[in-house]
Amino acid sequence: MISTHTRILLGNKFGLHDMAGDVGEWVEDCYQETYRDAPTDGGAVESCRPKFHNARVMRGGAWNAIPAWLRSASRDVEIPSIRADSFGLRVARTD
């Protein structure tokens, strides 16, 4: 594993840089087993279920993950009260 300065590598087709490998990123979605009841407009799943201990989705892989998890389609489930050095979030801004 290596570290680099930000924006050294080319951005993706959306102009985003450095999107994988730092930490698993918390997203707004509450966890559910399938996408069957997910919003079709790109919105978040906002109703957390006690069955899953009100868990949330984490996407992408962290610095300590296996390569198969280092992609945005990688989807994990975590309880928000759990803390780890491999969990985080992405701060974004628009100009």
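Hydrophobic clustering keeps Val77 apart from Val45 (ILVMFWY residues linked when any side-chain heavy atoms are closer than 4.5 Å, directly or through intermediates).
Summarising the geometry of Asn54 relative to Pro80, their closest heavy-atom pair is O-CD, 3.8 Å, with the distance given to 0.1 Å. Residues Phe52 and Gln32 share a closest heavy-atom pair of CE1-CA, 4.1 Å. Taking all atoms of both residues into account, the shortest heavy-atom contact from Ile79 to Trp26 is O-CH2, 3.8 Å. The two residues Ala44 and Pro39 make their nearest non-hydrogen contact at O-CG, 3.5 Å. When all heavy atoms of Asn64 and Ser86 are compared, the pair lying nearest together is OD1-CB, 3.5 Å. In plain terms, the two heavy atoms of Ala62 and Gly24 that are nearest each other are CB-N, 3.6 Å.
Using a 4.0 Å cut-off between a side-chain N of Lys or Arg and a carboxylate O of Asp or Glu, Asp37 and Arg49 qualify as a salt bridge.
The closest side-chain heavy-atom distance from Arg75 to Tyr35 is below 4.5 Å. A heavy-atom distance below 4.5 Å is not found between the side chains of Val23 and Phe87.
The distance from atom CG of Asp29 to atom CZ of Arg59, rounded to the nearest 0.5 Å, is 7.0 Å.
Using a distance-only test at 3.5 Å, with no hydrogens or angles considered, a donor-acceptor pair links the side chain of Arg56 to the main chain of Glu28. A donor-acceptor distance shorter than 3.5 angstrom exists from the side chain of Asn12 to the backbone of Phe14, with no hydrogens or angles considered. In terms of modelled atom types and a separation under 3.5 Å, the side chain of Asp76 and the main chain of Met58 share no donor-acceptor contact.
Crowding of Ile66 atom CD1: a count of heavy atoms from other residues, nucleotides or ligands under 6.0 Å exceeding 12. No more than 12 heavy atoms of other residues, nucleotides or ligands shown are found within 6.0 angstrom of CH2 on Trp69.
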- Message: If you apply the rule salt bridge (charged side-chain N to carboxylate O under 4.0 Å, His left out), what do you find for Arg83 with Glu78, and how did you get there?
- Response: CA-CA 10 Å; Arg83 302 289 186 255; Glu78 295 292 346; over 6 Å; no
